[in-house]
Engineer: 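Provided herewith is a single structure, encoded as structure tokens, for subsequent inquiry.
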2 protein chains.
Amino acid sequence: MNIALKDYISIFIHQTDLKITGCVKERLAPFNLAPEQNLIMMLLWERDGRNQQELSEQLEKDKTNITRMLSSLEQKGFVKRVIETYDRRSTRVFLTEEGKALECDVIPLTDEFHRTVTSGVTEEELAIVRRVLSKMRENIK
Amino acid sequence: MNIALKDYISIFIHQTDLKITGCVKERLAPFNLAPEQNLIMMLLWERDGRNQQELSEQLEKDKTNITRMLSSLEQKGFVKRVIETYDRRSTRVFLTEEGKALECDVIPLTDEFHRTVTSGVTEEELAIVRRVLSKMRENIK
DNA sequence: TATACTTAGTTGCTACAGCAACTATTAAAT
DNA sequence: ATTTAATAGTTGCTGTAGCAACTAAGTATA
């Protein structure tokens, strides 16, 4: 092979992402939350009553994913969907009491995970990583 | 929100990975190859006759993924599976003529994509990104 | 040799991920 | 006012991704 697989930075990023997501999944499992479901919850803990459109934009995800993740979260009893009165196409997503209660357990966990992941990495290095990844996104836009 | 979603480097990496993979998917679509299927093909172009165990290790993927991706590649006519005579549990994976023929189209494409992604990024920056991502993997091992 | 352990691969399950096509509803244009 | 556009969300499809449990086959041990 002219270029080894690991030399493709895209593959390196991809595999790193998988490891990280796998670890997050493990840590969230006790709370019956999947990683991406947790991102929705984080947005709702900040402010609930958002519609799916907004969640889709904030998470840069296809709206179909949002639909399905919310169905799961609703089934678990963490959120409820309410049809918007003034525009019946739109649904607003609210936290249940159970969903609200998760925050105090999960936020410390994600913050602690962030510290674990970045331990031994300087602020400068982290800034460079952010800048380079942003540049890469620009490059393929 | 105390920490915005984008401030979690894990999420930033994840979203970057999704953008990159999405772009790779588009570019490979004309060749009827999905991104991860292409990784298998790259290993086979280098040397075919590998067994699924080896592909699994090289790609750091669960063996179930390998099984399913190979089924798809086999159905497309790019590879064929042959049961190993000396150990009938093992199957060796070989390229078909059609599979071999893809190489000369796809390798230049992936190399060009790599150049596109990394354009405007210095070798030093790239080295830092690799080092930091490796460190992160270590941190959660 | 018979039993237990190990290994290679498959199948079933859940969770993303995004495209295409669909319904329902609202807004805009003629 | 009626037709047309656009918008919000859902469903069906294919492709990852990994765990658990399984079959089949080979190895080790009593």
Side-chain angles (χ1 to χ4, degrees), chain A residues 10-11 14-29 31-41 50-57 59-76 78-79 81-93, chain B residues 10-11 14-29 31-41 50-57 59-76 78-79 81-93:
Chain A
S10 315
I11 295 171
H14 182 61
Q15 291 186 341
T16 304
D17 175 41
L18 287 179
K19 302 277 184 212
I20 290 175
T21 302
C23 187
V24 170
K25 185 181 170 186
E26 263 179 43
R27 297 190 181 210
L28 288 175
F31 303 101
N32 195 20
L33 269 183
E36 302 296 330
Q37 291 169 11
N38 183 48
L39 299 188
I40 290 182
M41 294 302 284
R50 299 178 195 243
N51 60 30
Q52 300 188 196
Q53 180 70 29
E54 190 181 346
L55 294 173
S56 171
E57 284 163 11
L59 299 179
E60 298 180 29
K61 276 185 206 310
D62 191 279
K63 57 185 176 175
T64 57
N65 295 318
I66 305 296
T67 291
R68 282 184 258 260
M69 286 190 274
L70 283 177
S71 298
S72 176
L73 286 171
E74 199 169 32
Q75 200 153 18
K76 290 175 183 175
F78 297 153
V79 306
R81 283 188 267 200
V82 178
I83 292 172
E84 172 64 73
T85 318
Y86 302 109
D87 185 346
R88 295 174 40 74
R89 291 171 302 183
S90 180
T91 60
R92 300 181 68 186
V93 184
Chain B
S10 314
I11 295 172
H14 183 61
Q15 291 185 341
T16 304
D17 174 41
L18 287 178
K19 302 277 184 212
I20 290 175
T21 302
C23 186
V24 169
K25 185 181 171 187
E26 264 180 40
R27 296 189 182 211
L28 287 175
F31 303 102
N32 195 21
L33 267 184
E36 301 297 328
Q37 290 169 9
N38 183 47
L39 299 189
I40 289 182
M41 294 301 283
R50 299 177 196 243
N51 59 31
Q52 300 188 195
Q53 180 69 29
E54 190 181 346
L55 294 173
S56 172
E57 283 163 12
L59 299 179
E60 296 179 30
K61 275 185 206 311
D62 191 279
K63 57 187 176 175
T64 57
N65 296 317
I66 305 295
T67 290
R68 282 184 257 261
M69 287 191 271
L70 282 177
S71 297
S72 176
L73 286 171
E74 198 168 32
Q75 200 152 19
K76 290 175 183 175
F78 297 153
V79 306
R81 282 188 267 199
V82 178
I83 292 173
E84 172 65 71
T85 318
Y86 301 110
D87 185 345
R88 292 173 44 72
R89 290 172 303 181
S90 178
T91 59
R92 302 181 67 186
V93 184

Engineer: Just how far, in rounded Å, is C1' of C:dC16 from CG of B:D17?
Structural biologist: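 Going from B:D17 (CG) to C:dC16 (C1'), I get 12 Å.
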
Engineer: Under 4.0 Å, counting only non-hydrogen atoms across every strand here, what does B:L18 touch: a base, just sugar-phosphate, or nothing?
Structural biologist: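 The residue B:L18 makes sugar-phosphate contact but no base contact.
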
Engineer: For residues B:D62 and B:S56, report the shortest heavy-atom separation together with the two atoms involved.
Structural biologist: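 Minimum heavy-atom separation between B:D62 and B:S56: C-OG, 4.1 Å.
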
Engineer: Output the single nucleotide from C:dG9, C:dA15, D:dG15 whose closest atom is nearest the side chain of A:K76.
Structural biologist: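 So the nucleotide nearest the side chain must be C:dA15.
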
Engineer: From the options D:dG18, C:dG18, D:dA17, select the nucleotide whose nearest atom is closest to the side chain of B:E36.
Structural biologist: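 Ranking D:dG18, C:dG18, D:dA17 by closest atom to the B:E36 side chain puts D:dA17 first.
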
Engineer: Below 4.0 angstrom from OP1 or OP2 of D:dA8, is there any side-chain N or O of A:R50?
Structural biologist: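 No, outside the criterion.
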
Engineer: Check if the side chain of B:T64 and the base of D:dC19 share a donor-acceptor pair of N or O atoms closer than 3.5 Å.
Structural biologist: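 Looking at the base of D:dC19, it does pair with a donor or acceptor on the side chain of B:T64 (distance under 3.5 Å).
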
Engineer: Would you tell me if any nitrogen or oxygen in the side chain of B:N65 comes within less than 4.0 Å of OP1 or OP2 on D:dG18?
Structural biologist: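 Answer is yes, contact under 4.0 Å.
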
Engineer: Checking all strands, does A:R92 fall into the base, sugar-phosphate, or nothing category for heavy-atom contacts under 4.0 angstrom?
Structural biologist: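 No contact.
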
Engineer: When the distance from NZ of B:K63 to P of C:dG12 is rounded to whole Å, what number comes out?
Structural biologist: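 Nearest whole value for this atom pair: 16 Å.
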
Engineer: Name the residue closer to the 5' end of DNA chain C, choosing between A:N32 and B:E26 according to the nucleotide with the nearest heavy atom.
Structural biologist: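 Of the two residues, A:N32 wins.
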
Engineer: For C:dT26, which nucleotide in any strand shown is its Watson-Crick or wobble partner with both distances under 3.5 Å?
Structural biologist: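 Checking every strand shown, C:dT26 finds no partner, since no pair has both distances under 3.5 Å.
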
Engineer: Tell me: CG of A:L55 to C1' of C:dC16, nearest whole Å?
Structural biologist: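 About 16 Å, once rounded to whole Å.
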
Engineer: Taking only N and O in the side chain of B:H14, is any of them less than 4.0 Å away from OP1 or OP2 of C:dA17?
Structural biologist: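 Yes, B:H14 has a side-chain N/O under 4.0 Å of OP1/OP2 on C:dA17.
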
Engineer: On a heavy-atom basis, which atom in B:R81 and which in B:S71 lie closest, and how many Å separate them?
Structural biologist: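 Reported closest heavy-atom pair: NH2-OG, 3.0 Å.
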
Engineer: Over how many whole Å does the gap from A:I20 atom CD1 to D:dG18 atom P extend?
Structural biologist: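 The answer, rounded to whole Å, is 13 Å.
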
Engineer: Indicate yes or no: at least one non-hydrogen side-chain atom of A:V93 is less than 4.5 angstrom from one of A:R50.
Structural biologist: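 No, every pair of side-chain atoms sits at 4.5 Å or beyond.
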
Engineer: Rounded to whole angstrom units, what separation is found between the CG atom of B:L28 and the P atom of D:dG15?
Structural biologist: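 In whole Å, D:dG15 P lies 13 Å from B:L28 CG.
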
Engineer: Would you say A:Q53's side chain and A:T91's backbone share a donor-acceptor pair under 3.5 angstrom?
Structural biologist: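 Not confirmed, A:Q53 side chain does not pair with A:T91 backbone.
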
Engineer: For A:S72 versus A:Q37, what's the shortest heavy-atom pair and its separation?
Structural biologist: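 Minimum heavy-atom separation between A:S72 and A:Q37: OG-NE2, 3.2 Å.
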
Engineer: With the 90 degree cut-off around zero defining syn, does D:dA5 come out syn or anti?
Structural biologist: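 It is syn.
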
Engineer: Using atom CD1 of B:I66 as one end and atom P of C:dT11 as the other, report the distance to the nearest whole Å.
Structural biologist: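 Roughly 15 Å, once rounded to whole Å.
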
Engineer: Would you say D:dG9 has OP1 or OP2 under 4.0 Å from some side-chain N or O of A:T91?
Structural biologist: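 Checking A:T91 against D:dG9: at least one side-chain N or O falls below 4.0 Å of OP1 or OP2.
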
Engineer: Base, sugar-phosphate, or nothing: which does B:K61 touch, judged by heavy atoms less than 4.0 Å apart?
Structural biologist: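 Touches sugar-phosphate only.
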
Engineer: Mapping A:R81 and A:G22 to their closest nucleotides on DNA chain D, which lands nearer the 5' end?
Structural biologist: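 Per heavy-atom nearest nucleotide, the more 5' residue is A:R81.
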
Engineer: Could you pull out the closest heavy-atom pair between A:Q15 and B:L59, with the gap in Å?
Structural biologist: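 Answer, listing the atom of A:Q15 first, then B:L59: NE2-O, 3.2 Å.
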
Engineer: Provide, to the nearest angstrom, the distance between the CD1 atom belonging to A:I11 and the P atom belonging to D:dA17.
Structural biologist: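 Value for this atom pair: 11 Å.
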
Engineer: What about A:R68, does its side chain sit under 3.5 Å from the base of C:dG18 through a donor-acceptor pair?
Structural biologist: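 Between C:dG18 and A:R68, which were checked side chain against base, a qualifying N/O pair under 3.5 Å is present.
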
Engineer: Please find the pair of heavy atoms, one from B:N51 and one from B:E54, that lie closest to each other, and give the distance.
Structural biologist: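 Heavy-atom minimum between the residues: OD1-N, 2.9 Å.
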
Engineer: Please name the nucleotide paired to D:dA5 by Watson-Crick or G-U wobble geometry with both distances under 3.5 Å, or report none.
Structural biologist: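 In the structure as shown, D:dA5 has no Watson-Crick or wobble partner.
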
Engineer: Just N and O in the side chain of B:S90: are any of them under 4.0 Å from OP1 or OP2 of C:dG9?
Structural biologist: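 So the side-chain polar atoms of B:S90 do come within 4.0 Å of the phosphate oxygens OP1 or OP2 of C:dG9, strictly under.
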
Engineer: Protein-nucleotides 25-27 of chain D N/O pairs closer than 3.5 Å?
Structural biologist:
residue : atom : partner : partner atom : Å
D:dG26  : OP1  : B:R88   : N            : 2.9

Engineer: Are OP1 or OP2 of D:dA8 and a side-chain N or O of A:Q52 less than 4.0 angstrom apart?
Structural biologist: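 For A:Q52, the contact criterion (side-chain N or O under 4.0 Å from OP1 or OP2 of D:dA8) is not met.
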
Engineer: Are A:F31 and A:N38 side-chain neighbours, meaning at least one heavy-atom pair lies under 4.5 Å?
Structural biologist: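 Contact flag for A:F31/A:N38 side chains = no.
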
Engineer: With a 4.5 Å heavy-atom cut-off, do A:K61 and A:L55 have their side chains touching?
Structural biologist: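 The answer is no; the side chains never approach within 4.5 Å.
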
Engineer: What is the distance, to the nearest angstrom, from the CD atom on A:Q53 to the P atom on D:dA8?
Structural biologist: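 Rounded to whole Å, this separation is 4 Å.
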
Engineer: For A:Q37 and C:dC16, is the shortest distance between a side-chain N/O and OP1 or OP2 below 4.0 Å?
Structural biologist: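 So the side chain of A:Q37 is within the cut-off, an N or O lying under 4.0 Å from OP1 or OP2 of C:dC16.
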
